[in-house]
Amino acid sequence: MSMTFIEDNDQTRARREHLAAITALVGNAYPNKFACSRVVNPDREDTITAIVKKFLPLAPQAAEEGARPAPEEIERANAMLNPLTVRVCGRLAVPPRVMGKAAFVHLSDGVSRLQIYVRRDDATARHTDGREADGWELLQLLDHGDFVGAEGFLFVTKTGELSVHVRELTFLAKALLPMPDKMHGISDPEIGRRQRYADLIAGSLKIDHSDGELTTREVFARRSKLITELRRFLDEHDYVEVETPMLSPIATGAVAKPFKTHHNALDIDLYARVAPELYLKRLVVGGFERVYELNRNFRNEGLSARHNPEFTMLEFYCAYMDAVGMMDFCEVMLRATIERVNGATHVRFGGHAFDFGRAFERLTMRQAVAKYWPLQFREMGGERFDDGWLLDALRVRQLVAFLDEQKQGPMGATAGAGYSSAAEDTLKANFALADAWQRAGAAAVDNGAPADAEETARHIARLFEEVAEPHLTQPIFITNFPKPISPLAKASPVDPSIAERFELYIAGMEVANGFSELNDPAEQYERFAEQGRARERGDEEAMQMDEDYLRALAYGMPPAAGIGIGVDRLVMLLTNRHSIRDVILFPHMRPQRPAENHAAE
RNA sequence: GGGCCGUUAGCUCAGUCGGUAGAGCAACUGGCUUUUAACCAGUGGGUCGCAGGUUCGAGUCCCGCACGGCUCACCA
């Protein structure tokens with residue numbers, strides 16, 4: 001038998017030899033079950049975590065750090081603990097500490113650890129055929145990471161640690177591979193993400209947690225808690241959870257490139273959904289006035305610290321509500337769930353501190369661009385930046401062209417050469433700026449084609465992304481998106497050029513996106529048609545016409561607001577992880593190239 | 001694709017000016033019946049990512065390649 005996944009070295013050889021010796025000693029080294037005691041709760045078997053939680057408070061405390069508790073206090077604790085016989089099981093969290101004729105080992109259940117104490121003169125083991133075997137002999141064969149069951153009585157040691165004095169040891173499963181370093185854990189993030197099991201083990205076995213960061217286990221426990229709380233909040237507000245297709249004949253509902261697959265029996269291509277949006281709105285048509293789905297979306301785009309090809313989105317719709325109402329609701333929901341998950345509305349994320357208890361700022365997209373337009377470019381060619389320019393298509397063109405040029409060169413002459421004085425530098429810089437501004441203006445006019453609404457919309461979105469987005473650290477709603485880039489959103493009743501759409505930004509990340517839903521089938525048809533024209537011009541991400549959806553709208557959809565919340569990014573914020581790959585258990589990674597091929601034989 | 005950084009024992013990492021390959025942990029042997037990053041004594045373990053060059057001599061300097069990380073561009 002060749003097990004190429006187990007490297008052959010002195011470490012693995014020792015473990016295999018131990019396994020053979022264990023088999024000789026106790027028979028089946030992989031028994032099917034182990035029944036634990038029911039000391040903590042007669043209705044369920046004890047876990048290490050349950051035992052520790054229940055009995056740790058009985059262990060005496062030392063008067064000061066590093067000192068041992070008073071002997072009489074230990075005696076008092078043992079008088080209560082010794083009559084309690086427990087059966088517990090778990091993974092060896094450390095290599096056994098053998099001291100001649102006695103040994104200490106910690107067992108872990110993945111969350112907590114409990115020490116067991118094995119003595120040569122009173123430890124037995126159980127052979128799978130029922131015979132008694134030598135427990136001390138079995139202990140000698142245990143490796144860091146093995147699974148064992150232990151029966152014995154509770155006590156506290158001289159140092160005050162709650163422990164189990166083992167009477168019978170049962171072998172449960174072998175770790176044939178060495179455990180991650182007990183002090184350093186897994187240092188290579190690559191291995192941590194590819195082998196999440198090893199990462200989780202490392203977190204539960206690591207001795208020093210002094211860095212104050214959450215363990216991997218804790219990150220995903222918090223993720224689970226967040227998802228529970230989001231569901232609870234929506235359930236309490238009369239939302240109904242549904243599941244809509246992951247595979248559909250057309251990928252629509254968001255501006256994104258889809259994954260394509262094929263259904264053999266039907267002989268049709270299907271797409272992994274990029275958003276459940278249009279299905280959920282069909283349900284609003286059908287009478288689900290409050291409906292949500294919390295599930296995966298798939299987008300065939302680049303990977304980054306903030307992008308995984310599949311990601312979890314919470315999407316929900318509320319009839320008779322508009323975008324403003326949805327922002328209010330979203331804010332209340334985040335405040336409530338974050339408080340329940342983290343125990344406070346305060347969140348620390350890298351060097352930033354957020355207080356979700358405070359009202360979120362709200363700015364229109366144009367206001368955001370105007371607010372964050374760089375100070376050094378407020379004066380250009382004798383003209384003063386005015387946010388009214390953002391209403392003027394040619395001005396918008398000029399701003400984009402100007403920004404492009406500034407991004408290209410290293411600010412032209414503004415870098416300033418060797419010996420020139422500060423005044424000279426400023427003068428040169430002003431000239432260069434005026435020049436650039438003029439060139440941008442000329443380019444805007446020369447562009448030829450009359451500026452159409454869609455081009456202006458894209459330009460404003462670009463200006464927003466370049467100029468404002470990096471500054472959006474504290475939670476902020478950006479509102480009033482240009483209509484042409486929002487094909488499913490309803491126009492504002494006061495300004496038909498903008499959509500009643502918003503995005504929530506936190507720590508520079510887009511965390512949520514919502515709007516007043518377009519429910520006029522005729523207008524929706526026109527918007528799809530515009531998208532179709534963009535598609536023909538080569539925009540792969542443009543949305544496809546969905547005729548069934550239009551038919552649904554034709555049956556009548558009540559006014560409604562909807563929102564999509566990026567759950568992974570929210571988890572990042574709540575766990576202080578700066579890569580989305582750290583909050584997804586098995587993130588997609590580039591396939592591993594065989595750089596080393598020692599496993600060949 | 002561009003820029004920067006990395007690759008040394010099973011793991012985490014040192015390695016000075018170019019001169020015999022190092023530590024801690026882990027493994028193995030022995031000692032130790034309340035330890036806790038247990039301790040003490042000893043043993044084994046290396047194609048220094050790969051390939052070429054310079055040199056009397058390369059883990060170290062030079063060139064190329066592979067693998068990986070961070071970052072920029074693209075993107076929710």
Side-chain angles (χ1 to χ4, degrees), chain A residues 6-18 66 68-69 71 74 78 93-106 113 115-123 136 143-145 155-163 165 177-194 198 202 205-210 254-257 274-275 297-313 407 465 469 503-505 508-513 540-541 564-569 578-581 589-598:
Chain A
I6 303 178
E7 210 178 319
D8 185 40
N9 56 46
D10 62 327
Q11 316 284 310
T12 56
R13 224 169 294 132
R15 284 167 185 264
R16 279 202 299 271
E17 284 165 15
H18 290 164
R68 296 183 166 193
I74 290 174
N78 280 332
V94 287
R97 293 186 291 274
V98 181
M99 301 173 306
K101 299 182 181 63
F104 289 95
V105 194
H106 278 95
R113 49 176 68 204
Q115 179 168 264
I116 64 171
Y117 173 62
V118 181
R119 273 163 63 147
R120 177 173 161 173
D121 57 15
D122 66 2
W136 184 246
D143 286 303
H144 185 196
F155 77 112
V156 292
T157 64
K158 285 176 182 169
T159 54
E161 177 160 351
L162 180 69
S163 308
H165 186 129
L177 289 171
M179 291 297 106
D181 188 287
K182 65 181 174 185
M183 289 310 294
H184 303 92
I186 289 182
S187 64
D188 184 350
E190 167 95 7
I191 294 174
R193 290 158 182 167
R194 285 190 196 278
L205 304 190
K206 201 173 164 194
I207 289 171
D208 182 13
H209 285 142
S210 58
V255 176
K257 279 179 238 164
V274 295
N297 290 338
F298 306 86
R299 298 191 185 174
N300 204 345
E301 287 161 4
L303 284 72
S304 83
R306 282 180 285 294
H307 300 85
N308 195 57
E310 54 183 296
F311 62 101
T312 300
M313 178 99 104
K407 276 183 66 185
E465 280 166 23
E469 218 180 270
E503 286 187 353
L504 172 63
Y505 284 84
M509 291 191 289
E510 185 196 326
V511 172
N513 177 9
E540 281 182 73
E541 297 186 341
I565 297 176
V567 172
D568 309 282
R569 290 177 177 178
H578 293 248
S579 171
I580 198 168
R581 289 195 277 265
M589 309 276 286
R590 185 180 291 119
Q592 226 164 358
R593 299 275 165 72
E596 57 220 325
N597 41 15
H598 43 241

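Computed from a predicted structure; not experimentally measured. Computed over heavy atoms, backbone and side chain alike; hydrogens, waters and symmetry mates excluded. Lettering of chains follows the sequences in order, A, B, ..., and the numbering in each one begins at 1.
Side-chain atoms of A/Arg120 and base atoms of B/U33 include no donor and acceptor less than 3.5 Å apart. With hydrogens and angles ignored, a donor-acceptor pair closer than 3.5 Å exists between the side chain of A/Gln115 and the base of B/U35.
The pair A/Asp143-A/Arg16 does not meet the salt-bridge criterion, since no charged nitrogen lies less than 4.0 angstrom from a carboxylate oxygen. Taking a cutoff of 4.0 Å between a charged side-chain nitrogen and a carboxylate oxygen, A/Lys101 and A/Asp121 do not qualify as a salt bridge.
Across all strands, A/Asp568 comes closer than 4.0 Å to no nucleic acid atom at all (heavy-atom distances). At a threshold of 4.0 angstrom between heavy atoms, the contacts of A/Glu503 with the nucleic acid are absent. Using a 4.0 Å heavy-atom distance criterion, A/Arg569 is classed as a base contact.
Taking atom CG of A/Leu177 as the reference point, atom C1' of B/G10 lies 10 Å away to the nearest angstrom. Distance A/His307 NE2 to B/C75 C1': 5 Å, rounded to the nearest Å. Rounded to a whole Å, the CZ atom of A/Arg97 is 9 Å from the C1' atom of B/A37. Straight-line distance from the OH atom of A/Tyr117 to the P atom of B/U33: 9 Å, rounded to whole Å. Atom pair A/Glu161:CD and B/U35:C1' shows a separation of 9 Å (rounding to whole Å applied). If you measure from atom CD1 of A/Ile580 to atom P of B/C70, you get 14 Å, rounded to the nearest angstrom. If you measure from atom NZ of A/Lys158 to atom P of B/A38, you get 19 Å, rounded to the nearest angstrom. Atom CZ in A/Arg119 sits roughly 6 Å away from atom C1' in B/U33 (whole-Å rounding).
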Each nucleotide in nucleotides 24-31 of chain B should get exactly one letter: B, S or -. Can you fill that in based on protein heavy atoms under 4.0 Å? BSBSS---
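The number of heavy-atom neighbours closer than 6.0 Å to CZ of A/Arg120, taken from other residues, nucleotides and ligands shown, is 12 or below.
Checked by atom type and distance alone, the side chain of A/Asn297 never pairs as donor or acceptor with a backbone atom of A/Met313 at under 3.5 Å.
Comparing B/U16 with B/G1, their P atoms are spaced 33 Å from each other, to the whole Å. Across the C1' atoms, B/A58 and B/C50 are found 16 Å apart, a figure rounded to whole Å. For the C1' atoms, the distance from B/G53 to B/G18 is 15 Å, rounded to whole Å. The same atom, C1', is picked in B/A9 and in B/A14; the two are 13 Å apart, to the nearest Å. For the P atom pair drawn from B/U8 and B/C4, the interatomic distance equals 22 Å after rounding to whole Å. Of the C1' atoms belonging to B/A26 and B/A37, the separation is 13 Å, rounded to the nearest Å. Taking atom C1' on both B/U60 and B/A27, the two are 30 Å apart, rounded to the nearest angstrom. The C1' atoms of B/C28 and B/G68 are separated by 33 Å, rounded to the nearest whole Å.
Taking a pair to require two hydrogen-bonding distances under 3.5 Å in either a Watson-Crick or a G-U wobble arrangement, B/A41 pairs with B/U29. Remark: B/A66 base-pairs with B/U7; criterion is Watson-Crick or G-U wobble with both hydrogen-bond distances under 3.5 Å. Of the nucleotides present, B/C72 is the one that pairs with B/G1 by Watson-Crick or G-U wobble criteria, both distances under 3.5 Å. With both pairing distances under 3.5 Å, B/U47 is matched to nothing as a Watson-Crick or G-U wobble pair.
Under the 4.5 Å side-chain criterion, counting only non-hydrogen atoms from C-beta, A/Phe104 is in contact with A/Met99.
Of all heavy-atom pairs spanning A/Ala123 and A/Val118, the tightest one is CB-CG1, 3.5 Å.
Less than 6.0 angstrom separates the ring centroid of A/Phe155 from the ring centroid of A/Tyr117.
Distance CD/A/Gln115 to CZ/A/Arg97: 5.5 Å, rounded to 0.5 Å.
Relative to the side chain of A/Ala102, the nucleotides B/U33, B/U34, B/A76 differ in distance, and B/U33 lies closest.
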Run the numbers on A/Arg306 and A/Arg569 for side-chain contact (heavy atoms from CB on, under 4.5 Å), then give the verdict. CA-CA 7 Å; A/Arg306 282 180 285 294; A/Arg569 290 177 177 178; 3.9 Å; yes
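RNA chain B is contacted by both A/Ser579 and A/Arg306; A/Ser579 maps to the nucleotide lying nearer its 5′ end (nearest heavy atom per residue).
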